Undergrad: 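Quick one: the structure is below, questions incoming.
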There are 2 protein chains.
Amino acid sequence: MSRLADTLKSRRQKLSKLIDFSIVLESGNLKSRNFPANTYPFRASSHFLYFAGLSLPNAAIRIEGDRLTLFLDDPHPTSALWHGDSPSRDQIALEIGADAAYPLSEMSHFSSESIDHPAFVDAIIKLRLTHDESAIAEIRKAIAVTVEAHRIGMQATSNAQTEAQIRAAMESVILSHNMTCAYNSIVTVHGEVLHNEQYHHAIGQLDLVLADVGAETQSGWASDITRTWAASGKFSPTQRAIYEVVLEAHDRAIAKIRPGVEYLDIHLLACETLAEGLIDLGILRGNAADLVDRDAHALFFPHGIGHLLGLDVHDMEDLGDLAGYEKGRSRSSRFGLGYLRLDRPLQAGMVVTIEPGFYQVPALLSDLERREKYREVVNWDRLADFADVRGIRIEDDVLVTAEGSEVLSIALPTDPEQIESIVGEGS
Amino acid sequence: MSRLADTLKSRRQKLSKLIDFSIVLESGNLKSRNFPANTYPFRASSHFLYFAGLSLPNAAIRIEGDRLTLFLDDPHPTSALWHGDSPSRDQIALEIGADAAYPLSEMSHFSSESIDHPAFVDAIIKLRLTHDESAIAEIRKAIAVTVEAHRIGMQATSNAQTEAQIRAAMESVILSHNMTCAYNSIVTVHGEVLHNEQYHHAIGQLDLVLADVGAETQSGWASDITRTWAASGKFSPTQRAIYEVVLEAHDRAIAKIRPGVEYLDIHLLACETLAEGLIDLGILRGNAADLVDRDAHALFFPHGIGHLLGLDVHDMEDLGDLAGYEKGRSRSSRFGLGYLRLDRPLQAGMVVTIEPGFYQVPALLSDLERREKYREVVNWDRLADFADVRGIRIEDDVLVTAEGSEVLSIALPTDPEQIESIVGEGS
């Protein structure tokens, strides 16, 4: 039996201890871009990938106990002309360790529950929350390529006129390893726009470049890393000061990771650390814990400290908050907590991101109601000194281990001087 | 009025001479990749883009005479946090020269025909078959970037171990200009697989590299260029011989382009030229015209000589063959003609591709019935001498002009020695 088949069988065996019915998972179809033959690159459903291992368009699998059945049509006879020799249904069945294989039309003869069955949702969340060795090996592969992409992006900066040129250098590394992007890259001098997918801005010498880019392996496992560097190669004193505040939040959050710890507490620790740092810089006034209670930190750090990482960059977000939130919990309506994507006690085998940031979002900071609410706790004059810090984020991918944690993306430095040194290699 | 608004107004005025009813065109929605928030890069419907100019997700326009109405929701208030300041509906309306603008929900209050109306389909085909100056300027921009991508791809070959690395170098050029790929790139040492979207093969020193890669501008205009080069930098004598046969077909086909000429005749001329060349090389036996009548050329050139190019790489293929085929014509069932995508007399303002090729497709050449049918006309022993020529294609984008034609992609050489020289620059 192949290693892949082995892995998939062990996943079925774990599943069979959680449910006592059979299920069918479909991979999905190719999606048209502008006309039927011009499709987006295919990406199978993550639940399918978890149990089928291969990104096969228009396929389905049925799991009954530890038994696997593949439903897939053999390639059309003319397919060989346009798409070359494709493996047959039987060859694929062998590769993934399927016990039986049929054309798609046969699927209707088998009764099974689908992904919508609540007990199956519970079971798949339980399984996918923590990763087996094979999954972790894939995530490590994705991360290794992403680390290289970030280094190349930093080095490309001194010769880049636009964000698009840095993005191109980074994604080119991912493509050259025959991987894809796990999500649309953010590569911008406007890091304060959290999900910025524009790349047309010119790179100014005084700008920070924020790059949130992650590779995905051929079998769909994701990585997700963010670094922020100075376009000139050297952080200004104000940029460096805020960078170090964000880095302190990042480091303390990671240091707290171990099984049993509530992810929410890690979020709150990061928020408090940011608040402390901003107090020290004279931007915030008061006591850090009080400021976090009042959501004052969220003026500058409005999102959550991170999320689950796996086959999806926000793992299992297709299920809403069912995976991210422990049963019985739900999103807070608080400004400083509402964007948190994960609220569970950590378990060994989880992979989470840790991604604190500091942003000056005009829509938040110029909002009159908010300015009034936080009038006393923000030193707006002092804040104006930090105008060259529009957005900083530092994000790593962390495996929860029995002993504590392992930063899977450790090969990419976070230390500001080391970052400066890599950027400098390009000039 | 902006230049864009001017262009769009002139397109509406032309449309208003062809239809006497109002129509609504929708742009389409973002398409999810693996979970709702993780979408493919948005690409608006080409018919929408033709009249709206901007790639706006979840928008619609209504055209009534030369009057333009935009339907678009203003960004959600929280959107500024995640996506930054977006232009308002009114700002966009101004940019595209809309006479009125409403939220999407208002659309139901206007009665209009949709893209399905047969008279509108006829009208839009008539309009989009030939390109205005603004469209041609966009296509030229896309081509300029694609030409650069091919040069970089050739130069990257000597240091590339895999197809993926050459692809990465080429697409990186497209990304660095903040453009996208008009279609999934083909970059392969297995050019005989016509739509090969795999990039994992190693580059062998004796291999040919076939790259079919095209950029698309931000407003959706496409380019489509193919070149084939020797991985070593130097074609083998057999590769060079076949390359010159394909190039001769390419050159003669282009030389024949002028208004009024049937595209089918250009296809047949290319087929005959290929047959002649293969006769001269001793691969085929007999008379070129007879061989083409018997579809013998299609053993090695099974696809059509090209297609319309515009907002879609196969322009208007969302309408099936309605745009590609003149009214009353339909696809031939003949093996040598059935894959032809365009069968119309050429008109000034059309942009077409010319892309002859030579392929040794195992599925065709090892088919016993076909081998029997062409037993006498193929010298199989002689063919075996050309085993190092799996696939060659040479593709350019050509504007039909009043005087004849202009090869828009002329900046990228087709001459084998010039190609060798560019590949050599990388080593």
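Everything numeric here is computed off the predicted structure, so don't read it as measured data.
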Undergrad: Quick check on A:L49 against chain B: is it the side chain, the backbone, both or neither that has a heavy atom closer than 4.5 Å?
TA: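 For A:L49, neither part sits under 4.5 Å from chain B.
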Undergrad: What part of B:P41 lies closer than 4.5 angstrom to a heavy atom of chain A: side chain, backbone, both or neither?
TA: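 Backbone plus side chain of B:P41, per the 4.5 Å heavy-atom cut-off to chain A.
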Undergrad: So which part of B:H314 gets closer than 4.5 Å to some heavy atom of chain A, the side chain, the backbone, both or neither?
TA: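 Interface part for B:H314: both.
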Undergrad: Nearest 0.5 angstrom please: A:R33 CZ to B:D318 CG, how far?
TA: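 The distance works out to 13.0 Å.
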Undergrad: Quick check for you: to the nearest 0.5 Å, what is the distance between A:N196 atom CG and B:W82 atom CH2?
TA: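 It comes to 13.0 Å.
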Undergrad: Pick one of side chain, backbone, both or neither for B:S185, based on which atoms fall under 4.5 Å of a heavy atom in chain A.
TA: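 No part of B:S185 comes within 4.5 Å of chain A.
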Undergrad: Count the heavy-atom pairs under 4.5 Å between each of B:L364, B:T39, B:D312 and chain A, then report the option with the highest count.
TA: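 Heavy-atom pairs under 4.5 Å are most numerous for B:D312.
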Undergrad: Could you look at B:L319 and say if it's the side chain, the backbone, both or neither that has a heavy atom under 4.5 Å from chain A?
TA: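 No part of it gets close to chain A.
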Undergrad: Can you tell me how far apart CZ (B:F42) and CG (A:N184) are? Round to the nearest 0.5 Å.
TA: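 Between B:F42 CZ and A:N184 CG, I get 13.0 Å after rounding to 0.5 Å.
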Undergrad: With a 4.5 angstrom heavy-atom cut-off, which part of B:E192 approaches chain A: side chain, backbone, both or neither?
TA: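 Contact with chain A: backbone only.
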Undergrad: If contact means a heavy atom pair closer than 4.5 Å, which residues of residues 170-179 of chain A contact chain B?
TA: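 Listed by number: A:E171, A:S172, A:L175, A:S176, A:N178.
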Undergrad: Below 4.5 Å from any heavy atom of chain A, which atoms of B:A182 appear? Answer side chain, backbone, both or neither.
TA: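 Backbone only.
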Undergrad: Would you say the side chain of A:V313 lies within less than 4.5 Å of the side chain of B:F35, judging by non-hydrogen atoms?
TA: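 When only atoms from C-beta onward are counted, A:V313 and B:F35 do touch, with a gap below 4.5 Å.
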Undergrad: Restricting to non-hydrogen atoms, name the atom on B:P36 and the atom on A:E317 that form the minimum distance, rounded to 0.1 Å.
TA: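 Nearest pair, atom of B:P36 first, then A:E317: CD-O, 4.5 Å.
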Undergrad: Check whether any side-chain heavy atom of A:N38 sits under 4.5 Å from a side-chain heavy atom of B:R43, and report yes or no.
TA: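 No, their side chains stay 4.5 Å or more apart.
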Undergrad: Can you say whether A:T180 sits under 4.5 Å from chain B via the side chain, the backbone, both, or neither, judging by heavy atoms?
TA: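 Only the side chain of A:T180 comes within 4.5 Å of chain B.
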Undergrad: Which bit of B:S46 comes within less than 4.5 Å of chain A, counting heavy atoms only: side chain, backbone, both or neither?
TA: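 Only the side chain of B:S46 comes within 4.5 Å of chain A.
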Undergrad: Would the number of heavy atoms belonging to other residues, nucleotides or ligands and lying under 6.0 Å from CD of A:E26 be above 12?
TA: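 Result for CD/A:E26: open.
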Undergrad: With respect to chain A, which residue among B:A363, B:A44, B:A164, B:G84 yields the maximal number of heavy-atom pairs within a distance under 4.5 Å?
TA: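 Going by pairs under 4.5 Å, I would pick B:A164.
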Undergrad: Checking A:Y339 against chain B: side chain, backbone, both or neither under 4.5 Å from a heavy atom?
TA: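 Side chain only.
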